[in-house]
Enquirer: 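Provided herewith is a single structure, encoded as structure tokens, for subsequent inquiry.
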Amino acid sequence: MTPTLRIREQGMSLVEVMVGVAIGLIGILIITQAYISSDKFNRSTVGAGSGQTNGLIALFTIERDAQMAGYGLNQSAALGCGKLYYYYNGNYSANVSGQSASTALLPLTLAPVYIDSPNGPNMPNTITMMFSNGSTRMVPGTIATFAPPYVTVDGTAGFLPGDFVMLVSQAAAGNCTLVQLTGVAPVSSQLQFNPAPYNPPAWGTLPTYVTNDLIFDIGNPSVRTYSVASLAVGQYRLQVADSLLITGGGVAQDLADDVVDLRAQYGKD
């Protein structure tokens, strides 16, 4: 065999191997950086799309309740009530005299929409919406005699057992009480408020009413409060609570992830 062929059979030199390895490492580095950049871009795109989707779902849910806000509560005499007096399962609302602060029910404001900033002016708002499925009686009744658990009115048409009603004082502005009907006696024109989860025994310490005060049938009301909860650093979630007549407010339910703020824009006429 000639010397030339023998040299060719000796293979690649160490320098050639090192150059090849260096070129391969550079190629791997470039591919890795390209993959990381692509993955970051993909995460950013997916995250933005997920945030927009969650925001749209949240807005759709809030919009649905906003469209219902005030339904069944549109009597001007009732809308001047402000905070309602009410009872639930052994406890009274915080505005009832003598009620312990540790067991008081949350304030319940009779308003289609109530906007608050409990954590400060630069923090997310809470938006509470109140509405009702309405009732078969659209006009208020007039109280003739008030002797709990019976109230005689000018007519029982449209009042149904199980409906929530509001008793509204004509003389004392803001004196309004929310209770639940347990019986209706058309012959004697009486409405009955027997002790029940929403009615205290013997009327308890709720305000009393007199002849010509009003009584509104509001059917089955709903009170929903939307708020943003901070679960961890950089992790936020929109929540909703059904808070009607529940001690400490209803248990908040998760509605949408990645919602970091909630602000209500409104005008005043």
Enquirer: Any pair with a residue in residues 205-238 that passes disulfide (SG to SG under 2.5 Å), sequence neighbours left out, goes on the list, sorted by first then second residue, please.
Expert: none
Enquirer: Hey, are the side chains of Thr128 and Thr109 touching, using non-hydrogen atoms and a 4.5 Å cut-off?
Expert: no
Enquirer: Out of curiosity, Lys83 NZ to Leu106 CG, how far, rounded to the nearest 0.5 Å?
Expert: 11.5 Å
Enquirer: Using the disulfide (SG to SG under 2.5 Å) rule, collect all pairs that involve residues 125-214, keeping only residues at least two apart or in two chains.
Expert: Cys81-Cys176
Enquirer: Between the main-chain N or O of Gly141 and the side-chain N or O of Asp154, is there a donor-acceptor pair closer than 3.5 Å?
Expert: no
Enquirer: Salt bridge check, Asp217 against Arg137: does any charged N sit closer than 4.0 Å to a carboxylate O?
Expert: no
Enquirer: For residues Ile62 and Tyr236: do they belong to one hydrophobic cluster (side chain heavy atoms under 4.5 Å, members Ile, Leu, Val, Met, Phe, Trp, Tyr)?
Expert: yes
Enquirer: Treating Ile, Leu, Val, Met, Phe, Trp and Tyr as nodes and any side-chain heavy-atom pair under 4.5 angstrom as an edge, say whether Leu262 and Val260 lie in one connected cluster.
Expert: yes
Enquirer: Applying ring pair (Phe, Tyr, Trp, His ring centres under 6.0 Å), can you list everything that pairs with Tyr209, at least two apart in sequence or on another chain?
Expert: Phe146
Enquirer: Would you give the length of the straight line joining atom OH of Tyr92 to atom OG1 of Thr177, rounded to the nearest 0.5 angstrom?
Expert: 10.5 Å
Enquirer: Using the ring of each side chain (for Trp, its six-membered ring), is Tyr198 parallel, tilted or perpendicular to Phe164, with breaks at 30° and 60°?
Expert: perpendicular
Enquirer: Connecting only ILVMFWY residues whose side-chain heavy atoms lie within less than 4.5 Å of each other, what is the rest of Tyr71's hydrophobic cluster?
Expert: Met68, Phe131
Enquirer: Please list every donor-acceptor pair under 3.5 Å in which a side-chain atom of residues 114-122 meets a protein atom from a residue at least two apart or in another chain.
Expert:
{"unit_1": "Ser117", "atom_1": "OG", "unit_2": "Asn125", "atom_2": "ND2", "d": "2.7"}

Enquirer: Can I get a per-line list of side-chain donor-acceptor pairs under 3.5 Å for residues 199-207, giving both atom names and the distance, sequence neighbours left out?
Expert:
{"unit_1": "Asn199", "atom_1": "OD1", "unit_2": "Gln180", "atom_2": "N", "d": "3.0"}
{"unit_1": "Asn199", "atom_1": "ND2", "unit_2": "Gln180", "atom_2": "O", "d": "2.8"}
{"unit_1": "Asn199", "atom_1": "ND2", "unit_2": "Asn194", "atom_2": "O", "d": "3.1"}
{"unit_1": "Trp203", "atom_1": "NE1", "unit_2": "Pro207", "atom_2": "O", "d": "2.7"}

Enquirer: Are Leu178 and Tyr150 connected in the hydrophobic side-chain network, where two residues link if heavy atoms are under 4.5 Å apart?
Expert: no
Enquirer: What are the two closest heavy atoms between Ala252 and Ala241, and how far apart are they?
Expert: CA-CB, 4.0 Å
